[in-house]
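I have a structure here, written as structure tokens, and I will follow up with some questions on it.
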Amino acid sequence: MITESYPLMSGGEEVRNERELLRRVEDGTLMNGADSVRFIVIHCSATRCDRDYTVEQLMRDHKARGFRTIGYHFYIRRDGTVTRHRGLLEVGAHCRPYNRCSIGICYEGGLNEQGRPADTRTAEQKMQLMELLLKLRKLFPQAKIVGHRELPGVKKECPCFDCGEYGGIDN
Ligand SMILES: [Zn+2]
């Protein structure tokens, strides 16, 4: 398994100075600070577990929806490869209207061979997801780990498994 390293706190782009930082907070592209992160939201890509859905495909699809880049902060492929697409305090595009107070993680899959919602996480994905959640837990102890479908008003199966198993992760 090849896992890309992902520096947790550094943003996709360098924020050069405090003034620039403040400007971006005002513009709405950055959250106010670590305290703003109230949820760590887990998603699935809603693609079939026997088909590849690469970072490039995800990027293309999200750009087609008008996003600047991939809307999730992290993407975990079936082989356990983790890629980061947004700075941690950068506002993502994955769970309106909670984007300004959450970090989004998506795993590749979520649909079985028949195209029906299912927990299709591989052992590698489970391991990498857990590792990532433990790191984020340390940085954002106040944030609640939830599945997308647990957020109020969401009418989707995403992420197609019960995230209650992460409720017990200690700080
Ligand atoms: Zn989702």
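All ligand and atom numbering here is 1-based and tracks the order in the structure. Keep in mind that what you see is a predicted model, and the values were worked out from it rather than measured.
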Inset, instruction - Apply salt bridge (Lys or Arg N to Asp or Glu O under 4.0 Å) to Glu90 and Arg68, showing your working. - result: CA-CA 12 Å; Glu90 196 177 332; Arg68 183 178 56 75; 2.3 Å; yes
Inset, instruction - Below 2.8 Å of the Zn ion (ligand 1), tally up the protein N/O/S atoms for me. - result: 3
Inset, instruction - May I ask you to decide if the ring planes of Phe161 and Tyr166 are parallel, tilted or perpendicular, using 30° and 60° as cut-offs? - result: perpendicular
Inset, instruction - For the pair His62 and Tyr72, name the ring-plane relationship: parallel under 30°, tilted 30 to 60°, perpendicular over 60°. - result: tilted
Legend entry - Beyond-backbone contact of His73 with Ile105, side-chain heavy atoms, under 4.5 angstrom: no
Inset, instruction - Any chance you could lay out the side-chain hydrogen bond (donor to acceptor under 3.5 Å, both in side chains) test for His43 and Ser45, step after step, and finish with the verdict? - result: CA-CA 7 Å; His43 300 265; Ser45 62; over 6 Å; no
Inset, instruction - Any pair with a residue in residues 154-165 that passes side-chain hydrogen bond (donor to acceptor under 3.5 Å, both in side chains), sequence neighbours left out, goes on the list, sorted by first then second residue, please. - result: Arg121-Glu165
